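Just below is one structure, and these are the notes that go with it.
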Amino acid sequence: MKSVYIGMSIDILHHGHINIIEHGVRYGEITIGLLTDEAIASHKRLPLLTYEQRYRILENIRGVKNIVPQKEWDYAPNIKKYKPNFMIHGDDWLDGPLFPYREKAIDALNQIGGELIEIPYTTDVSSSKLKDDLFSKGISVDARKKTLKRLLRVKPILRFIEAHSPISAIIAEKSKYIDNNIFKEFDGFWSSSLTDSIEMGMPDIEALDVSKRLLNINNIFDVTTKPLIMDLDTGGKLEHFQINIKTIERLGISAVIIEDKKGLKKNSLFGNEVSQNQEDVDAFAEKIAIGKSNRLSSDFMIIARIESLILEKGMNDAIERAIKYVEAGADAIMIHSRLKEPLEIFTFAKLFRSNFAHIPLVCVPTSYNKTTEDQLLNVGFNIVIYANHLMRSSYPAMKSVAFNILKYGRSAEVEKSLISIKEVLDLIPGTK
Ligand code: SPV
Ligand code: MG
């Protein structure tokens with residue numbers, strides 16, 4: 001009996017998959033290389049179903065003899081490992097983003113004396129289209145909330161971007177960068193105290209109350225499907241924090257970040273230029289513990305944010321606090337810095353990693369903005385937050401248009417810098 005290898009994700013099973021399997025059976029005994037969540041997330045959105053769930057579906061399909069994990073997007077490592085006589089693939093990779101993987105697969109097959117069989121792609125169905133249709137209907141509260149922990153398990157580094165309104169969140173959710181075999185998108189949203197406050201014309205001093213911020217997040221959730229991390233400032237009074245945390249989790253928010261400041265907090269990027277004080281380490285550890293005990297599920301994360309570097313208290317203070325906060329139950333640590341160079345952030349990350357190999361580490365590279373995600377990943381960060389960029393980009397655009405309408409006494413001159421009315425109609429389904 002000859003052996004046949006087919007690589008598949010089967011997140012949404014459809015007749016296109018069955019066509020490939022039925023075709024494969026004619027050539028021999030089928031081994032499916034089931035793409036792991038990690039492999040899929042390296043090139044696409046996280047699958048709806050986990051590896052285990054997809055495995056269960058697959059093992060019940062006629063013709064499937066063996067299932068092995070395909071741990072990379074690339075088929076070549078498994079071809080070399082399992083040495084099949086044939087590999088079956090749809091002919092949809094003769095050009096486009098999958099083409100380089102075809103070359104690699106052919107090369108691997110040549111090395112082991114295997115043969116590639118390409119069959120006509122089933123054109124009346126597309127997994128991506130089915131998925132887009134599903135997501136256009138929204139996502140359940142629970143599924144959204146769980147996504148952050150799932151992503152942390154399968155992706156080396158996550159990128160979150162600030163969303164201060166539903167439209168900014170739609171832009172954040174839909175932005176994609178695709179080039180050859182690079183695929184990038186934002187993994188979720190940051191609800192920033194700074195930009196939520198600015199959006200309301202208020203200072204970033206915890207004056208905007210949590211209920212108004214949650215109303216905004218609820219509106220964002222109405223029109224998006226990605227997970228959200230909420231900046232909860234200091235968390236407020238212990239008694240209020242306990243109550244708020246439950247409401248926050250019930251809405252489907254995946255994590256809150258609370259910062260170890262007390263009294264009237266000011267924005268961290270001002271550091272010691274303004275008067276602001278750090279909370280006592282034990283008092284803050286207790287706040288974390290109280291937050292943890294008020295969670296509704298383990299899917300929800302409480303992330304402790306350390307302000308020692310912002311307030312120039314030194315690296316030792318930062319690390320000591322990190323240790324205490326993790327011991328108190330913090331699910332992750334955010335370290336903040338307002339320096340233009342990443343040296344102190346890197347030093348902290350290395351020290352932190354020597355104490356804790358697996359606790360996620362979060363950073364907000366607003367000031368050290370030349371530092372790349374790859375560099376941050378290399379020193380041990382797991383989440384990068386672009387904390388205010390959509391708000392900051394909209395402001396100069398609006399200001400310039402307002403100015404130029406005044407200047408010219410008409411709007412013709414600004415038209416080229418605007419989204420067209422046609423694009424506005426296409427942007428939100430149902431507008432036309
Ligand atoms: C925010 O976005 O509100 C933050 C990050 O807390 S920072 O503004 O850098 O303090
Ligand atoms: Mg903030």
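Whatever order the structure lists ligands and atoms in, that order sets their numbers, starting from 1. Note that the coordinates shown come from a computational prediction; the quantities given were computed from them, not determined experimentally. Only this structure's heavy atoms are used, side chains among them; waters, hydrogens and symmetry mates stay out.
For a distance bound of 2.8 Å, the N, O or S atoms of Asp231 include one lying that close to the Mg ion (ligand 2). The Mg ion (ligand 2) has an N, O or S atom of Ser193 inside 2.8 Å of it.
The distance from ligand 1 to the heavy atoms of Ser268 drops below 4.0 Å at these ligand atoms: 10 (O). Below 4.0 Å from some heavy atom of Ala387 lie the following atoms of ligand 1, by number and element: 2 (O). Ligand-side atoms of ligand 1 in range of His336: 7 (S), 9 (O), 10 (O), range being under 4.0 angstrom from any heavy atom. For ligand 1, the atoms sitting less than 4.0 Å from at least one non-hydrogen atom of Ser193 are 3 (O), numbered in the order shown with element in parentheses.
Side chains of Thr50 and Arg153: no donor on one and acceptor on the other come within 3.5 Å.
Taking the six-membered ring wherever Trp is involved, the centroid distance between the rings of Trp73 and Phe183 does not fall below 6.0 Å.
When heavy-atom distances to ligand 1 are checked against a 4.0 Å cut-off, Thr195 has no atom that comes that close, whether in backbone or side chain.
Paired with Ser191 under the rule side-chain contact (heavy atoms from CB on, under 4.5 Å), one option of Asp196, Ile220, Asp231 passes, and it is Asp196. The one candidate from Glu206, Lys265, Glu259 that meets the side-chain hydrogen bond (donor to acceptor under 3.5 Å, both in side chains) condition with Thr234 is Glu206. Paired with Glu307 under the rule salt bridge (Lys or Arg N to Asp or Glu O under 4.0 Å), one option of Lys266, Lys261, Lys262, Lys313 passes, and it is Lys261.
Any N or O atom pair closer than 3.5 Å counts here, and Val364 shares no such pair with ligand 1. Residue Asp231 has at least one N or O atom closer than 3.5 Å to an N or O atom of ligand 1. Polar contact check, Asn267 against ligand 1: a nitrogen or oxygen pair lies under 3.5 Å apart.
Atom 2 (O) of ligand 1 has Ser192 OG, 2.8 Å as its closest protein atom, hydrogens excluded (heavy atom only).
Between Tyr5 and Tyr82, the two ring planes are parallel [angle under 30°; tilted spans 30° to 60°].
At least one test fails for Arg321 against the ring of Phe284: distance under 6.0 Å to the centre or angle within 45° of the axis.
Here the shortest heavy-atom distance to atom 5 (C) of ligand 1, taken over Arg305, His164, Glu259, belongs to Arg305.
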